[in-house]
Structure formats: C-alpha cells, structure tokens
Amino acid sequence: MTDSEIPSDQRAGEAAKTAELLAAAREALERYHEVHTDDDGALTFRHGEVPCAVQAMQLAEGLTVLSLTCVVAWDLPDDGTLARSAAERAGQGLFGTLGVVRTERGMDVTLRYAFPAEGMGATPLSTMLMLVVSTASQLRTELLDTVGGQDRP
C-alpha cells in the first residue's frame with residue numbers, strides 16, 4: 001500500500017505514535033545527554049565522542065520501534081586487521097549490528113539497533129538506549145587502540 005492509499009486518519013495516528021515515542025526517548029536520553037531535535041524529528045546527541053541519532057517508525061499496526069544509529073569511528077585506515085577486529089567484535093555484541101563502510105578516506109564504523117519501544121517506561125527505555133551507546137563508545141575506544149591510539153574526529 002502506498003502512502004496515498006493509506007487513510008489520512010491512519011497516517012495521523014502513526015505520526016502521533018512515533019512523535020510520542022520520540023518524546024519518551026528524548027526524556028530518557030536527557031537523563032544523561034544534551035539532546036537536539038532535527039528538522040525531520042530525529043533526536044541527535046553525543047555519547048562522549050560518538051555521535052548518535054534516534055528515529056521512530058511504525059513497522060506495522062501495534063509495532064512501533066526506535067532505531068538508534070551511532071557513528072563509532074570514521075576515516076579509519078582501510079586495513080584488513082582492523083576490519084577483522086570489527087567483525088569479531090560484531091559477533092560478540094548483544095545490542096546492535098556493526099557496519100563497516102569503505103569510503104575514499106578509509107573505513108567508517110556504525111552501530112545500529114532497533115527495538116520495539118512502545119509502552120516502555122522512562123527507566124527501561126533509558127537503560128536500553130544506554131546499553132547501545134555505551135557499547136558504541138567502548139567499541140570506539142577498542143578500534144582507536146587497534147590503530148595505534150590515533151585521535152580521530
């Protein structure tokens with residue numbers, strides 16, 4: 001079904017649910033971070049040196065999720081050992097999926113995690129979000145140690 005085929009009241013209901021969920025996520029994150037709301041409604045914040053963004057979306061009726069993306073490191077040397085280290089670390093993680101993207105300037109590493117969050121209270125929601133972002137920060141430290149502790153932006 002395309003957007004034009006979805007009744008306007010259903011679209012309004014979806015928008016209200018995602019807005020409500022983003023408001024709850026903002027409240028949960030503001031316990032620990034300064035949070036900004038982007039023009040598109042996404043929440044952005046930094047956990048240490050790791051920039052993160054949170055979006056909400058309704059995947060199906062009754063299934064609204066938060067999607068958290070953290071940019072763990074960027075412009076890392078395009079090195080097989082480093083890529084293997086990231087891949088090994090990805091297999092150990094419970095909270096998030098690691099992605100490695102090769103660019104003209106090297107490798108970028110992201111951590112993404114999506115979870116059903118509708119109805120979660122502020123405390124469990126902040127716990128879930130902090131588990132992911134603390135994993136991203138820990139991974140950043142490990143990766144930068146692997147490349148010789150070079151400071152990256």
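Positions are given from 1, in the same order as the sequence printed here. Remember, it's a predicted structure, so these values are computed and weren't measured experimentally.
- Here Gln55 contributes atom CD and Leu21 contributes atom CG; the two are 12.0 Å apart, rounded to the nearest 0.5 Å.
- Side-chain contact between Thr123 and Arg31 is present, with heavy atoms from C-beta onward closer than 4.5 Å.
- Leu129 CG to Cys70 SG: the interatomic distance, rounded to the nearest 0.5 Å, is 9.0 Å.
- Side-chain contact check for Thr37 versus Arg26: some heavy-atom pair is nearer than 4.5 Å.
- Contact of the Val50 side chain with the Val133 side chain is not registered, since no non-hydrogen atoms from C-beta on lie closer than 4.5 Å.
- In this structure, Thr103 and Val101 have side chains that are in contact, with non-hydrogen atoms separated by less than 4.5 Å.
- Counting heavy-atom neighbours within 6.0 Å of Glu142 CD, excluding the residue itself, gives a total above 12.
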- Query: Do Val54 and Thr44 pass the side-chain contact (heavy atoms from CB on, under 4.5 Å) test, and can you show the C-alpha distance, the side-chain angles, and the key distance before you say yes or no?
  - Reply: CA-CA 6 Å; Val54 177; Thr44 57; over 6 Å; no

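- Ala117 approaches Leu125 most closely through the heavy-atom pair CB-CD1, 4.1 Å.
- Counting all heavy atoms, side chain and backbone alike, Gly121 lies closest to Pro124 at O-CD, 3.3 Å.
- Taken to the nearest 0.5 Å, the CZ atom of Arg140 stands 8.0 Å off from the CG atom of Leu76.
- Contact of the Thr64 side chain with the Met57 side chain is not registered, since no non-hydrogen atoms from C-beta on lie closer than 4.5 Å.
- Nearest heavy-atom pair, Arg46 versus Pro51, reported as atom, atom and distance to 0.1 Å: NH1-CB, 3.7 Å.
- With contacts defined as side-chain heavy-atom distances shorter than 4.5 Å, the pair Glu34/Phe45 does not qualify.
- Hydrophobic clustering, with ILVMFWY side chains joined whenever heavy atoms are under 4.5 angstrom apart, keeps Leu131 apart from Val65.
- Residue Leu43 holds its CG atom at 12.0 Å from NE2 of His33, rounded to the nearest 0.5 Å.
- How far NE2 of His36 is from CG of Leu29: 12.0 Å, rounded to the nearest 0.5 Å.
- Residue-environment remark: CD (Glu30) exceeds the threshold of 12 foreign heavy atoms within 6.0 Å.
- For the residue pair Ser137 and His47, a side-chain donor N or O sits within less than 3.5 Å of a side-chain acceptor on the partner.
- Put simply, the side chain of Met120 reaches to within 4.5 Å of the side chain of Met128, judged on heavy atoms.
- Side-chain N or O atoms of Asp40 include one that pairs as donor or acceptor with a backbone N or O of Ala42 at under 3.5 Å.
- Within the model, atoms OG1 of Thr135 and CG of Leu98 stand 9.5 Å from one another, a figure rounded to the nearest 0.5 Å.
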Mind listing the side-chain donor-acceptor pairs of residues 104-115 below 3.5 Å, one per line with the distance, residues two or more places apart or on another chain?
| unit_1 | atom_1 | unit_2 | atom_2 | d |
| --- | --- | --- | --- | --- |
| Arg105 | NE | Asp75 | OD1 | 3.1 |
| Asp108 | OD1 | Asp75 | N | 2.9 |

